[in-house]
Amino acid sequence: MANDVQDITEDKTQPPMSALRYETPFELYSEMPQVKQMTQHRPRDDEDNVEYLNRLSGSTTPEEAVTFTAFAAVPAMAIWWGYECLRLASDDMTASDRELMELVANWCSYSDNENRYRVMSRALYASVRSPAVFLGLAVGWSGGPIAPNDSAVVPAHRAPRAINSAVLSSLARAELSQRPVRLARFIDQASALFRPF
């Protein structure tokens, strides 16, 4: 019985971490003004993240839901989401892009600096700025030193901008008739990040 009590008091369970940078979209827009430059709609003071995402997805510019997601989620989660979006649209990827996507997937599982530098190097020297390359750049700009021999800090808005470019350029590559379907899938994927655990 004493052991049972001891086991209960030593419980190391931690609450789940949020996938989002801020609790409300209003805070995001206040703390990261770069998102204002990329969206027409603004969050209301009392609007929560899910309400704002839904409002954007139902607006005349539903692509802003992609931009909001890229900025709202913490970099690792936003990159995972971007990876899933690009994977859904992988029918037009080159062999080089597929290799880069494998490196991104590896970084998502093992997000150490060595893997981050490997992805960043591959993306920086790519001959074409494809959606996969933008996602690779986002990995490089996701946090930590920019390079092993350069301790410069990357501005917080760089990774979200690259993720936004990756997902929206993937959308732009789709046939016109397929774009609404792809966008709906991307936003559906994004909604999982905004649900409370």
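Along the sequence shown, residues carry numbers from 1.
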Do Phe134 and Ile163 touch side chain to side chain, with heavy atoms closer than 4.5 Å?
-> no
Do the non-hydrogen side-chain atoms of Phe71 and Met38 ever get within less than 4.5 Å of each other?
-> yes
Main-chain N/O of Gly140 paired to Arg116 side chain as donor or acceptor, under 3.5 Å | yes
Atom CG in Asn54, atom OG in Ser59: separation rounded to 0.5 Å?
-> 11.0 Å
Does the salt bridge (charged side-chain N to carboxylate O under 4.0 Å, His left out) test come out yes or no for Glu102 and Arg98, once each step is laid out?
-> CA-CA 6 Å; Glu102 284 181 32; Arg98 289 183 192 282; over 6 Å; no
Do you know which two heavy atoms are closest between Leu171 and Arg182, and how far apart they sit?
-> CD1-CB, 3.8 Å
Would you check, one step at a time, whether the test side chain to side chain contact (heavy atoms under 4.5 Å, CB included) holds for Leu103 with Asn115?
-> CA-CA 8 Å; Leu103 292 174; Asn115 283 325; over 6 Å; no
Arg173 side chain to Met93 main-chain N or O, any donor-acceptor pair under 3.5 Å?
-> no
Is any side-chain heavy atom of Arg161 less than 4.5 Å from a side-chain heavy atom of Trp141?
-> no
Below 4.0 angstrom, N of the basic side chain to O of the carboxylate: do Glu51 and Arg55 qualify?
-> no
Looking at Ala166 and Leu86, what are the two nearest heavy atoms and their distance?
-> O-CD1, 3.8 Å
Output all residues satisfying side-chain contact (heavy atoms from CB on, under 4.5 Å) with Ser30, sequence neighbours left out; order by chain, then residue number.
-> Phe26
Salt bridge present between Arg21 and Glu31 (N-O < 4.0 angstrom) = no
Does the gap between the ring centers of Phe68 and Phe194 come in under 6.0 Å?
-> yes
Heavy atoms of Pro160 and Ala156 approach each other most closely as CD-O, 3.1 Å
Looking only at heavy atoms, the pair that brings Leu135 and Val104 closest together is CD2-CG1, 4.0 Å
So do Thr24 and Asp48 actually touch side chain to side chain, heavy atoms under 4.5 Å?
-> no
Give, for atom CG of Asn106 and atom OG of Ser111, the distance between the pair rounded to the nearest 0.5 Å.
-> 10.0 Å
Find out whether Val167 and Ser170 are in side-chain contact, i.e. whether some heavy atom of one side chain is under 4.5 Å from a heavy atom of the other.
-> no
Side chains of Asn49 and Tyr22: closer than 4.5 Å at any heavy-atom pair?
-> no
What distance separates Leu28 CG from Leu20 CG, expressed to the nearest 0.5 Å?
-> 9.0 Å
Of all heavy-atom pairs between Ser57 and Ala65, which one has the smallest distance, and what is that distance?
-> N-CB, 4.1 Å
With side chains defined as the heavy atoms from C-beta onward, is the minimum distance between Leu53 and Thr69 less than 4.5 Å?
-> yes
Are Thr94 and Ser130 side-chain neighbours, meaning at least one heavy-atom pair lies under 4.5 Å?
-> no
